[in-house]
Amino acid sequence: MRRLAFTAGLTTSVLLAGCTAGPMTSTPPPLAAQCDDSGLARFIGQKASADLGAQLLAASGARTLRWGPPRSAMTMDLRPDRLTVAYDDAMIVTAARCG
């Protein structure tokens, strides 16, 4: 019985040691494409379309585009390579921001 408890404790220690085997870093690695929304004001008021989306991606340098329909819930996760474009019921762009 004592040997079984020792073996179980040793196994648990070995398994837990594997979970902390490397150094922890708090900063993520830099991404190749960073979004820059500083020059996107000219797109506000235009009709949302696939062509406009391509123009927004090219102007911002973002890797991905996320459309934000009216009254929709979106995640708040920060993605420096993503452009989020909001539009209203008439499909008119109301905001364009990175993240």
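This structure is a prediction, so every number in the text was calculated from the model and none was measured.
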Quiz item: Roughly how far, to the nearest 0.5 Å, is the OG1 atom of Thr84 from the CG atom of Leu65?
Solution: 8.0 Å
Quiz item: Hey, what do you get for CG (Asp36) to CG (Leu83), rounding to the nearest 0.5 Å?
Solution: 10.5 Å
Exercise. Please report the closest heavy-atom contact between Arg42 and Gly39, naming both atoms and the distance.
Key: NH1-O, 3.0 Å
Quiz item: What distance separates Gln55 CD from Gln46 CD, expressed to the nearest 0.5 Å?
Solution: 6.5 Å
Quiz item: Cluster question for you: counting only ILVMFWY and a side-chain heavy-atom cut-off of under 4.5 Å, with indirect links fine, are Ile44 and Ile92 together?
Solution: no
Practice problem: Grab the two heavy atoms, one from Gly53 and one from Trp67, that are nearest each other, plus how far apart they are. | Solution: CA-CZ2, 3.7 Å
Practice problem: Apply side-chain contact (heavy atoms from CB on, under 4.5 Å) to the pair Val85 and Leu52, showing each step before the final yes or no. | Solution: CA-CA 10 Å; Val85 180; Leu52 185 67; over 6 Å; no
Quiz item: Looking only at heavy atoms, what is the nearest atom pair of Leu40 and Ala59, with distance?
Solution: CD2-CB, 3.8 Å
Quiz item: How would you list all residue pairs meeting side chain to side chain donor-acceptor pair (under 3.5 Å) that involve residues 85-96, not counting sequence neighbours?
Solution: Arg71-Asp89
Quiz item: For Gly68, does its backbone N or O pair with a side-chain atom of Ser72 as donor and acceptor, under 3.5 Å?
Solution: no
Quiz item: Between Thr64 and Arg82, is any side-chain donor less than 3.5 angstrom from a side-chain acceptor?
Solution: no
Self-check item: Considering all heavy atoms, the nearest Ala96-Leu56 contact
Solution: CB-CD2, 4.4 Å
